[in-house]
Novice: 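There's a structure below that I have some questions on.
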Amino acid sequence: MTEPSDRTAAAHPAEYDPAVIERKWQDRWDANGTNRTDLVGGVRPFYALMMFPYPSAEGLHVGNLFAFTGNDIYGRFQRLQGHTVFEPLGFDAFGIHSENFALKVGTHPADLIPRNIENFRRQLKQAGLMIDWTHELSTTDPAYYKWTQWLFLQLYKRGLAYKKRAAVNWCPNDKTVLANEQVIAGECERCGAKVEQRFLEQWFFRITDYAGRLLANLDWLDWSESTKLAQRNWIGRSDGAELTFRVQDLEDFAGTATIAQGPSGEFPAQPIDITVFTTRPDTIFGATYLVLAPEHPLVDALTIDEQREDVGAYKRNAAKQDIVTRKVNRDKTGVFTGSFAINPATGQPIPIWVADYVLMEYGTGAIMAVPGHDERDFEFAKAFDLPIVRVVAGADDGNAHAPLETAYIETANTRLVNSGEFSGLPVLEAKRQITGWLADRGHARPVVNYRLHDWCISRQRYWGPPIPVIYCDRCGTVPVPERDLPVELPYVEDFKPDDTGISPLARVESWYRVACPSCGGEARRETDVSDTFLDSAWYFLRYPSTDFADVPFDPVLTEKWLPVTSYIGGNEHAVLHLLYSRFVTMVLHDAGQVSFEEPYERFRAHGMIVREGAKMSKSRGNVVNPDEYIERWGADTFRTYLMYLGPYEEGGDFRDQSVVGVRRFLDRLWSSAFDSTTDGAPDQAVLRKLHQTIKKVSADIPALSYNTAIAAMMEYINVVRRGERTAHRDEVEPLVQLVSPFAPHLAEELWERLGHEGSIFDAGWPEFDPAMAAEDLITIAVQVNGKMRGTIQLPNGSGQEAALEAALAAPAIAKFVPAAPKKVIFVPGRLLNLVV
RNA sequence: GCCCGGAUGGCGAAACGGGUAGACGCGAGGGACUUAAAAUCCCUUUCCCGCAAGGGAGUCCCAGUUCGAGUCUGGGUCCGGGCACCA
């Protein structure tokens with residue numbers, strides 16, 4: 001053994017130098033193809049997917065590395081368990097983010113992205129991830145987006161892609177379309193001008209057709225509960241009814257002006273019905289007015305002459321507001337149309353209003369307002385002095401006629417009041433009966449609504465895959481034939497959005513003008529590009545098949561490797577990305593392209609890491625740059641620290657000061673392994689601890705409880721080294737295996753130095769032996785009246801008798817037990833509680 | 001406003017279906033080695049009283065269930081994240 005005084009950084013021959021060994025093993029993995037997956041021949045396939053990053057100019061974010069390392073450890077562990085693990089990575093490189101950055105620094109995204117990707121690849125390799133780089137992909141590669149466009153065509157063919165006019169945010173100063181995130185408090189983030197709504201023809205996917213299935217499958221998916229809950233809320237199922245209200249025939253209603261003429265100048269020949277959606281048909285007796293969204297098609301027909309000016313002004317004003325402000329502003333505004341409808345329950349006429357708190361996109365764009373039992377209706381009724389009627393009261397509430405101070409929205413343990421023959425019924429029962437009663441008279445039908453909207457995939461931008469559609473004056477909308485894919489994105493020097501509000505691609509005449517694939521006549525290309533979320537909605541299908549140029553995904557490989565075995569990612573994608581990829585997979589399933597309808601068997605959301613208690617951000621200047629830490633501590637230490645700083649699924653606090661603790665652990669493991677001996681036999685007590693550690697680490701890794709797995713290994717190395725003893729090789733070698741998913745380079749190096757050939761990742765996992773782990777003597781807590789009074793040691797397996805005897809024999813405990821205990825509670829192996 | 005998480009030493013955090021609170025790590029204090037420093041190793045480290053033996057209190061607050069509550073139930077406070085007029 002070396003003298004302690006010789007153990008200085010320079011002098012000790014076995015000093016752990018991560019920079020050297022990490023480089024050595026990264027090169028060797030490359031040379032030997034250690035991380036390459038045998039997709040065709042591999043047995044027990046395990047697809048360990050991580051969310052691919054957007055390759056930003058700033059380089060890899062520590063949050064990316066936190067996510068990837070967690071996935072890598074799980075993947076390496078599965079490999080050690082005998083699976084063939086596929087751990088691919090690619091780049092999500094299209095989108096407004098790169099486009100805006102390129103604009104800002106005056107470069108072109110097509111030049112910027114390859115540089116960024118190169119930097120990312122370098123950083124990822126340095127992090128020691130088990131990535132199979134032979135299946136790398138980028139969404140900006142025509143060989144990739146050819147199939148993104150193909151995917152659009154599959155949806156188009158199935159009637160799931162359609163075009164409609166929809167509102168976009170428009171900056172009148174920059175004369176460009178803005179994403180919702182670019183609108184700050186109703187103003188353009190760049191110039192501060194007030195943002196307006198504009199209507200453009202845009203492409204949508206009918207994801208709402210799949211709302212029911214997307215919701216139902218959540219019941220059996222093995223996903224983080226928080227993610228499933230977020231999806232359920234996003235899909236937002238509500239069970240209710242559509243009710244119809246007949247507009248009052250004004251000739252029967254003396255004293256009011258005649259109903260307005262229609263836009264064509266005719267009086268409406270048919271009686272007008274207004275259909276509303278409600279989840280509370282039980283409250284219909286309290287419906288004291290109706291409200292239509294400003295965009296509702298019946299508004300003009302219902303507006304009487306005297307009100308025409310006011311209603312017109314209100315509609316114009318609503319149209320001018322940007323999409324964000326309209327939803328955020330809660331002040332109730334509205335205008336009376338002058339018309340009335342008949343409440344089918346009470347037979348009374350109720351006024352019809354127009355207000356922007358009713359949204360055209362949801363339900364029928366019209367509501368029956370029940371101010372007594374809906375907060376928004378209550379506020380509106382107060383603002384415009386409309387009648388508020390109470391129709392629900394608490395079951396034991398005697399004062400059913402007291403005026404309401406606020407909307408009473410309780411449904412549990414309540415009953416109807418002021419509701420004719422239905423008064424006295426519990427709300428839930430009333431819902432059923434009133435819907436039935438109204439349905440019999442043709443005024444109601446049960447309806448399920450979802451708050452999920454169809455997916456708008458059009459972007460009036462440059463940096464994305466062109467939507468593969470051609471417009472021909474003679475043939476109309478013609479999809480680009482599959483044989484003509486990809487529709488390549490032309491290199492445009494000036495890709496800045498301009499004042500036309502249409503994509504910069506419209507300015508590239510040579511690209512824009514095209515022969516109609518159907519008739520050969522003059523035609524024009526669609527100039528919008530598709531949403532980045534479409535690129536990422538199917539990338540997991542492409543990875544195994546990146547070698548195939550003529551199909552998006554090879555049927556045999558897809559059948560073998562999908563659905564994804566394990567997907568790990570951030571909960572910021574809980575709804576959009578995860579929902580869109582589920583939708584796309586379901587569509588491909590229905591089209592007979594894949595055999596499964598859910599893309600990810602298991603999904604786990606990791607937590608977020610903050611630094612020194614504060615969220616990392618560029619403006620705070622507290623962003624962790626992985627390069628610096630890897631250079632200073634080594635990738636193995638950095639990886640292990642990231643996994644140690646908190647529970648993986650909750651995230652944690654990155655503290656610079658604490659990294660050293662993990663490095664010390666690896667140093668100790670290194671020197672113990674290096675100095676270990678094969679002389680003599682391993683220590684029995686150490687071996688017992690070893691097997692307890694094997695058990696814990698083997699259980700913690702699949703549960704993603706990485707922090708406690710690392711703590712257990714630290715505890716074990718402390719036992720191995722206690723009293724500066726020299727470790728036996730059989731004591732440390734299994735620990736090298738246990739640590740290998742966390743610190744792969746160090747583990748490979750020690751494995752080699754311990755005399756093994758080949759990668760440690762092909763050498764299996766240490767076996768847990770319960771007999772080896774069992775303790776002969778156990779410690780039991782003794783309580784008196786539930787209060788801790790001491791501990792006793794007993795042979796493992798002792799019963800209550802022996803425990804009681806030992807407890808009473810201990811003076812420190814016995815002094816609290818004056819007489820025979822009234823009751824004895826014994827938990828084997830844990831505790832004895834004496835009640836006196 | 002609504003929906004999810006959280007709250008445990010000086011700090012990051014442990015604690016299987018209720019059973020010895022604070023594992024593991026950082027920091028701090030003390031010691032060994034060294035001419036010295038760094039590194040390394042050992043000891044102490046929830047708080048209060050006590051020289052000690054020992055005792056008392058303690059997991060955000062207030063109640064409750066239980067032989068026993070960080071863990072379960074009800075009510076409240078604060079912090080973080082998400083969604084936002086969805087009828």
Side-chain angles (χ1 to χ4, degrees), chain A residues 3-5 7-9 12 225-227 229-230 232-234 236 238 240 276-280 283 291 324 326-332 355-359 361-370 373-377 379-380 449-453 571-572 574-575 607-608 610 612-613 615 641 644-647 649-662 664-665 667-668 671 696 699 705 707-715 718 721-724 779-791 812 821-827 829-836:
Chain A
E3 289 298 313
S5 55
R7 298 190 54 184
T8 57
H12 197 280
E225 279 306 316
S226 60
T227 311
L229 191 69
R232 284 196 185 100
N233 291 341
W234 189 263
S238 47
V276 306
F277 174 75
T278 179
T279 55
R280 297 293 306 276
T283 61
V291 188
V324 180
R326 165 150 173 202
K327 295 197 173 192
V328 166
N329 183 6
R330 275 159 187 277
D331 295 338
K332 294 290 178 289
D356 68 359
Y357 81 95
V358 173
L359 307 174
E361 314 91 82
Y362 189 74
T364 61
I367 61 154
M368 67 173 198
V370 185
H373 307 287
D374 181 279
E375 286 176 19
R376 299 148 301 182
D377 298 343
E379 282 174 34
F380 191 81
N449 253 313
Y450 297 94
R451 59 183 303 171
L452 184 67
H453 292 6
N571 234 355
E572 69 272 18
V575 281
M608 202 180 66
V610 298
E612 315 282 339
K615 195 174 173 175
Y641 177 64
Y644 183 63
L645 54 72
E649 291 178 81
E650 286 167 37
D653 194 356
F654 189 103
R655 303 217 158 223
D656 288 34
Q657 220 178 26
S658 302
V659 184
V660 68
V662 168
R664 285 181 190 145
F665 162 62
D667 278 333
R668 277 180 237 189
S671 54
K696 177 140 181 71
S705 186
N707 56 333
T708 54
I710 295 164
M713 290 188 282
M714 287 174 165
E715 229 178 295
N718 292 344
R721 293 168 64 85
R722 184 167 293 154
E724 291 203 51
T779 306
I780 283 185
V782 182
Q783 301 181 338
V784 178
N785 291 336
K787 223 170 162 53
M788 265 298 294
R789 293 301 179 186
T791 58
K822 281 194 282 230
K823 191 172 172 188
V824 178
I825 290 123
F826 179 68
V827 183
R830 285 222 173 255
L831 149 146
L832 181 74
N833 188 11
L834 308 175
V835 185
V836 296

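Letters A, B, ... mirror the listed sequences (proteins, then strands); counts begin at 1. What you are looking at is a predicted structure, and each value in this text was computed from that prediction instead of being measured.
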Novice: Could you list, one pair per line, each protein nitrogen or oxygen that sits under 3.5 Å from a nitrogen or oxygen of nucleotides 25-28 of chain B, together with the distance?
Specialist:
residue	atom	partner	partner atom	Å
B:rG25	OP1	A:Asn718	ND2	3.0
B:rG25	O4'	A:Tyr644	OH	2.7
B:rC26	OP1	A:Arg664	NH1	2.5

Novice: Counting any heavy atom closer than 4.0 Å, what does A:Thr791 reach on the DNA or RNA strands: base, sugar-phosphate only, or nothing?
Specialist: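 Answer is base: heavy atoms of A:Thr791 come under 4.0 Å of a base.
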Novice: Regarding A:Asn233, tell me which of base, sugar-phosphate or nothing describes its non-hydrogen contacts under 4.0 Å with the strands shown.
Specialist: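 Sugar-phosphate: the residue A:Asn233, judged by heavy atoms under 4.0 Å, touches backbone atoms but no base.
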Novice: Among B:rU20, B:rC67, B:rA13, find the nucleotide with the atom closest to the side chain of A:Pro647.
Specialist: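 Among the listed nucleotides, the one closest to the side chain of A:Pro647 is B:rA13.
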Novice: Would you mind telling me which of B:rC3, B:rU20, B:rA14 lies closest to the side-chain atoms of A:Leu229?
Specialist: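 Closest of the options to the side chain of A:Leu229: B:rC3.
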Novice: Within the side chain of A:Tyr641, is there an N or O that forms a donor-acceptor pair under 3.5 Å with the backbone of A:Asp656?
Specialist: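 Not confirmed, A:Tyr641 side chain does not pair with A:Asp656 backbone.
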Novice: Base, sugar-phosphate, or nothing: which does A:Asp377 touch, judged by heavy atoms less than 4.0 Å apart?
Specialist: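 Counting heavy atoms under 4.0 Å across all strands, no contact is made by A:Asp377.
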Novice: Is there any protein nitrogen or oxygen under 3.5 Å from a nitrogen or oxygen in nucleotides 47-49 of chain B, and what are the pairs?
Specialist:
none

Novice: Is it true that A:Asn233 and A:Arg451 share a donor-acceptor pair across their side chains at a distance under 3.5 Å?
Specialist: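 There is no such pair (donor and acceptor under 3.5 Å, judged by atom type) between the side chains of A:Arg451 and A:Asn233.
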Novice: Is a donor-acceptor contact shorter than 3.5 angstrom present between the side chain of A:Lys822 and the base of B:rC67?
Specialist: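 Not at all, since no donor on one side and acceptor on the other fall under 3.5 Å apart.
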Novice: Backbone N or O of A:Asp667 within a donor-acceptor pair of the A:Ser671 side chain at under 3.5 Å?
Specialist: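 Checking the backbone N and O of A:Asp667 against the side chain of A:Ser671, a donor-acceptor pair under 3.5 Å is found.
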Novice: If the cut-off is 4.0 Å, is A:Ser238 near the phosphate of B:rA87, judged by side-chain N/O to OP1 or OP2?
Specialist: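 Yes, within the criterion.
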Novice: Would you mind pulling out the nucleotide paired to B:rG27, Watson-Crick or G-U wobble, both distances under 3.5 Å?
Specialist: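 Because both required distances fall under 3.5 Å, B:rG27 counts as paired with B:rU45.
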Novice: Return the 5'-most residue of the pair A:Ile825, A:Arg655 with respect to RNA chain B, ranking by each residue's nearest nucleotide.
Specialist: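 Its nearest nucleotide lies further toward 5', so the answer is A:Arg655.
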Novice: Could you tell me the Watson-Crick or G-U partner of B:rC2, where both distances fall under 3.5 Å? Say none if there is no partner.
Specialist: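 Its partner is B:rG82.
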Novice: Hey, which of these two, A:Gln783 or A:Ala711, hits RNA chain B nearer its 5' end, going by closest nucleotide?
Specialist: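 Going by which nucleotide is closer to the 5' end, it is A:Gln783.
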Novice: B:rG68, OP1 or OP2 - any side-chain N/O from A:Asn785 closer than 4.0 Å?
Specialist: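 Answer is no, no contact under 4.0 Å.
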Novice: Could you tell me whether B:rG10 is syn or anti, where syn means a glycosidic angle within 90 degrees of zero?
Specialist: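 That one's anti.
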Novice: Over all strands shown, is A:Ile367 touching base, sugar-phosphate only, or nothing at heavy-atom distances under 4.0 angstrom?
Specialist: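 A:Ile367: base contact, heavy atoms under 4.0 Å.
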Novice: Would you list the protein and nucleotides 51-59 of chain B atom pairs, both N or O, that sit under 3.5 Å from each other?
Specialist:
residue	atom	partner	partner atom	Å
B:rG56	OP2	A:Arg789	NH1	3.4
B:rA57	OP2	A:Lys787	NZ	3.0

